[in-house]
There are 2 protein chains.
Amino acid sequence: MGEVGEAAVGAADDRAPQRGRGQTVTIRDVAKAAGVSPATVSRVMNNQESVAPELARRVQQAAVSLGYRPSAIAQGLARGRTGLVAITVPDLGNPMFQSVLRGVSRAAGRDGYRLLVTDSHELPLEEPLLAQESRLRADGLVLCSPRSHDRELVELAPTIEPFVLVNRHVDGLEAPTVSVDYSSGVRAVCAHLAWLGHTRVAFLSGPRASVSNRQRMEALEESARGRFELHIVECGSMLEEGYEAADRALATGATAVIGYNDLVALGALGKMTEIGVAVPDQVSVVGFDDIPFSRYISPRLTTVSVPQEELGREAWQRLAAMLRKEDPPADVCFTPRLEVRDSTGPADVRR
Amino acid sequence: MGEVGEAAVGAADDRAPQRGRGQTVTIRDVAKAAGVSPATVSRVMNNQESVAPELARRVQQAAVSLGYRPSAIAQGLARGRTGLVAITVPDLGNPMFQSVLRGVSRAAGRDGYRLLVTDSHELPLEEPLLAQESRLRADGLVLCSPRSHDRELVELAPTIEPFVLVNRHVDGLEAPTVSVDYSSGVRAVCAHLAWLGHTRVAFLSGPRASVSNRQRMEALEESARGRFELHIVECGSMLEEGYEAADRALATGATAVIGYNDLVALGALGKMTEIGVAVPDQVSVVGFDDIPFSRYISPRLTTVSVPQEELGREAWQRLAAMLRKEDPPADVCFTPRLEVRDSTGPADVRR
DNA sequence: TTGTATGCGTTATCAT
DNA sequence: ATGATAACGCATACAA
């Protein structure tokens with residue numbers, strides 16, 4: 001017969017046809033059908049103990065048979081919270097951010113929070129707007145690897161609180177921060193390469209706006225001083241860019257290539273294998289992040305391993321505390337671990 | 001002069017301290033500060049033309065100096081829409097779903113909609129709950145590769161409308177659907193392998209609950225009949241599972257291995273390369289989806305290419321139409337294209 | 001224990 | 001063009 005919305009309980013609803021907006025069946029409909037007040041229905045729906053079992057059952061039945069679903073928006077307005085966390089990342093296509101996302105998603109999910117995800121597509125200008133926009137629809141924000149300048153973030157901060165910063169430190173910002181000490185990772189890489197006898201290394205640099213790229217580059221320049229001849233090769237953050245930068249990296253005569261992240265390292269690795277450059281026999285390749293692929297591709301990629309999901313978990317832990325009006329745990333800065341695998345080997349002296 | 005939040009306009013707000021919940025500065029504060037009614041402020045914020053330029057400026061200034069941000073929740077309640085789209089996927093870690101996500105994100109983003117993402121973690125039981133839950137907080141839902149049974153989805157449907165189905169067809173469901181004809185892809189793969197002289201092939205099967213896995217398997221069995229000796233190897237959907245299934249696949253004596261998706265295919269490929277099994281000289285490997293990695297890993301993976309982002313775009317197009325109360329475009333079913341690359345070659349007769 | 005009434009912050013309807 | 005004011009759907013003090 002009818003397709004949808006047939007109420008088999010209580011009197012039919014013969015009020016004027018509802019205006020376009022709004023819910024089909026509200027708390028009042030349920031209240032009417034169960035012969036109680038909206039307040040009681042609310043209590044039942046929220047499992048308040050203070051309701052007579054008899055009434056509770058009646059309300060439940062009415063709710064079910066009417067197909068009543070509380071409006072999350074109305075609840076949000078009344079409670080002053082949405083049950084949503086926003087997270088802004090520079091690029092959803094990057095496995096690193098996906099892992100952070102997963103970390104937040106799982107942790108927040110356990111606390112009944114859902115994720116509002118926005119991707120700034122590596123556009124620093126969009127970032128603050130997206131962050132504000134999404135924060136407005138959520139109870140808090142996880143700002144992941146923001147590409148904006150420090151001063152912009154400081155300006156942005158008051159409009160997006162409460163929020164936590166992931167993979168980026170900003171001076172003069174009291175927001176909880178979960179970061180990674182890339183310098184330490186870089187030093188480990190350099191020590192490893194030096195030990196293998198490499199003296200000419202190329203760095204496939206990441207997005208201009210990426211602070212962690214700058215960190216890695218600076219640490220690299222410092223670590224290389226007096227040890228390596230360091231070549232910077234403009235690249236990016238994606239597989240394809242690494243693939244295409246491989247030629248230029250090889251042209252520098254480098255015996256070791258360090259990618260801004262695993263994606264570009266793997267892209268370059270793919271290209272090298274394809275054109276017959278043996279890895280690690282002729283050229284060594286190193287990445288950053290330790291995305292799942294790095295472990296399962298052959299040759300397995302040597303990389304600076306970052307606890308990606310853990311970053312997400314820790315971020316949520318801090319945000320959750322703030323949402324509970326508690327003091328968030330102290331900032332954490334993970335020290336990444338150099339994962340030596342099969343893509344690095346002794347320098348090829350003939351190069 | 002003052003930087004932010006300095007109310008240089010109108011009288012100070014000296015009401016009692018607001019109760020914990022709610023917004024700090026509301027439309028009424030702005031109205032008071034600008035000496036107008038809330039209605040006028042609302043009009044200004046929404047760029048309604050029918051307001052005197054003079055007043056508009058005053059309101060704007062008041063809003064800015066008070067740091068006023070309209071409450072998205074309240075707007076949602078009043079307008080009857082949230083500006084959010086929910087999307088549910090079985091596994092956020094799978095590049096295939098990430099691409100669909102990106103497709104939806106970009107398309108919906110252009111229309112001013114943000115994404116509410118939920119991951120069912122390949123748990124069919126969680127799926128319906130998550131879908132309902134997230135649909136409640138959004139204006140519509142994209143249900144991607146649902147793992148639930150047809151009957152459950154039919155039951156679920158009325159509670160999550162409007163929604164669109166991606167990568168799955170369900171009989172008796174009038175929801176707009178965007179799907180892929182995997183059978184056709186499977187036939188292409190089989191023709192390709194047969195032409196290369198393969199007679200023993202192994203299939204690394206995907207998640208039990210995956211309908212597209214079943215489709216691929218059935219099409220494979222049909223296509224193989226009388227041509228190949230087909231071995232089904234239990235596997236999964238992730239890189240690691242492919243890696244670990246490689247041995248079992250090789251043990252079947254197959255000269256060609258077809259992965260449920262690119263992830264497991266690449267995992268298996270990695271393992272083979274690692275243990276010295278030459279691809280494609282000794283064994284051919286094929287995947288499904290055509291994730292970015294497949295093109296940039298060496299040997300480049302032969303795969304059934306699915307227009308992932310396009311699935312997302314088409315899904316949004318349909319959902320957007322429904323949100324506008326228009327009829328959505330007709331269902332689409334993409335025919336995937338076999339992307340022959342370097343991981344397939346003539347059968348090794350010695351095996 | 002249950003109901004009444006008000007507030008949540010905005011939009012929209014109706015006067016003016 | 002602008003201002004009251006009633007929804008929007010729910011939660012919650014407060015009253016009973």
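Heavy atoms only: backbone and side chains are in, while hydrogens, waters and symmetry mates are out. In what follows, chains carry the letters A, B, and so on, assigned in the order in which the sequence lines appear, proteins first and then strands, with residues in each chain numbered from 1.
- Here C:dT1 presents its P atom at 16 Å from CZ of A:R58, a figure rounded to the nearest Å.
- Out of C:dT10, C:dC8, C:dT11, the shortest distance to the side chain of A:L77 is found at C:dC8.
- Between the P atom of C:dT13 and the CG atom of B:N46 lies a distance of 13 Å, rounded to the nearest Å.
- In this structure the side chain of B:V100 never reaches within 4.5 angstrom of the side chain of B:V89, judged on heavy atoms.
- To the nearest angstrom, C1' of D:dG9 lies 7 Å from OH of A:Y68.
- Applying the ring-ring contact (aromatic ring centres under 6.0 Å, His included) rule to B:Y113 yields the partners B:W316; only residues at least two apart in sequence or on another chain are considered.
- Rounded to whole Å, atom C1' of C:dC8 lies 13 Å from atom CZ of A:R79.
- Under the 3.5 Å distance criterion, with hydrogens and angles disregarded, no donor-acceptor pair is assigned to the side chains of B:E126 and B:S120.
- Residues meeting the salt bridge (charged side-chain N to carboxylate O under 4.0 Å, His left out) test with A:R43, sequence neighbours left out: none.
- Not a single salt bridge (charged side-chain N to carboxylate O under 4.0 Å, His left out) links A:E127 to another residue, sequence neighbours left out.
- In this structure, the nucleotide among D:dA11, D:dC10, D:dC8 sitting nearest to the side chain of B:A78 is D:dC8.
- Ion pairing between a basic and an acidic side chain is recognised when a charged N comes within 4.0 Å of a carboxylate O; B:R106 and B:D111 show no such pairing.
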Give me, pair by pair, the N or O atoms of the protein and of nucleotides 1-4 of chain D that are less than 3.5 Å apart, along with how far apart they are.
{"unit_1": "D:dT2", "atom_1": "OP2", "unit_2": "B:A52", "atom_2": "N", "d": "2.5"}
{"unit_1": "D:dG3", "atom_1": "OP2", "unit_2": "B:S37", "atom_2": "N", "d": "3.2"}
{"unit_1": "D:dG3", "atom_1": "OP2", "unit_2": "B:S37", "atom_2": "OG", "d": "3.3"}
{"unit_1": "D:dG3", "atom_1": "OP2", "unit_2": "B:T40", "atom_2": "OG1", "d": "2.5"}
{"unit_1": "D:dG3", "atom_1": "N7", "unit_2": "B:R43", "atom_2": "NH2", "d": "2.7"}

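- Salt bridge status for A:D91 with A:R147: absent, with no side-chain N to carboxylate O gap under 4.0 Å.
- In this structure, A:R69 has no salt bridge (charged side-chain N to carboxylate O under 4.0 Å, His left out) partners at least two apart in sequence or on a different chain.
- Atom pair A:I27:CD1 and D:dC8:P shows a separation of 15 Å (rounding to whole Å applied).
- Rounded to 10°, the helix from C:dT1-D:dA16 to C:dT16-D:dA1 has 40° between the axis fitted to its first five pairs and the one fitted to its last five.
- Nucleotide D:dC8 holds its C1' atom 13 Å from the CD atom of B:Q75, rounded to whole Å.
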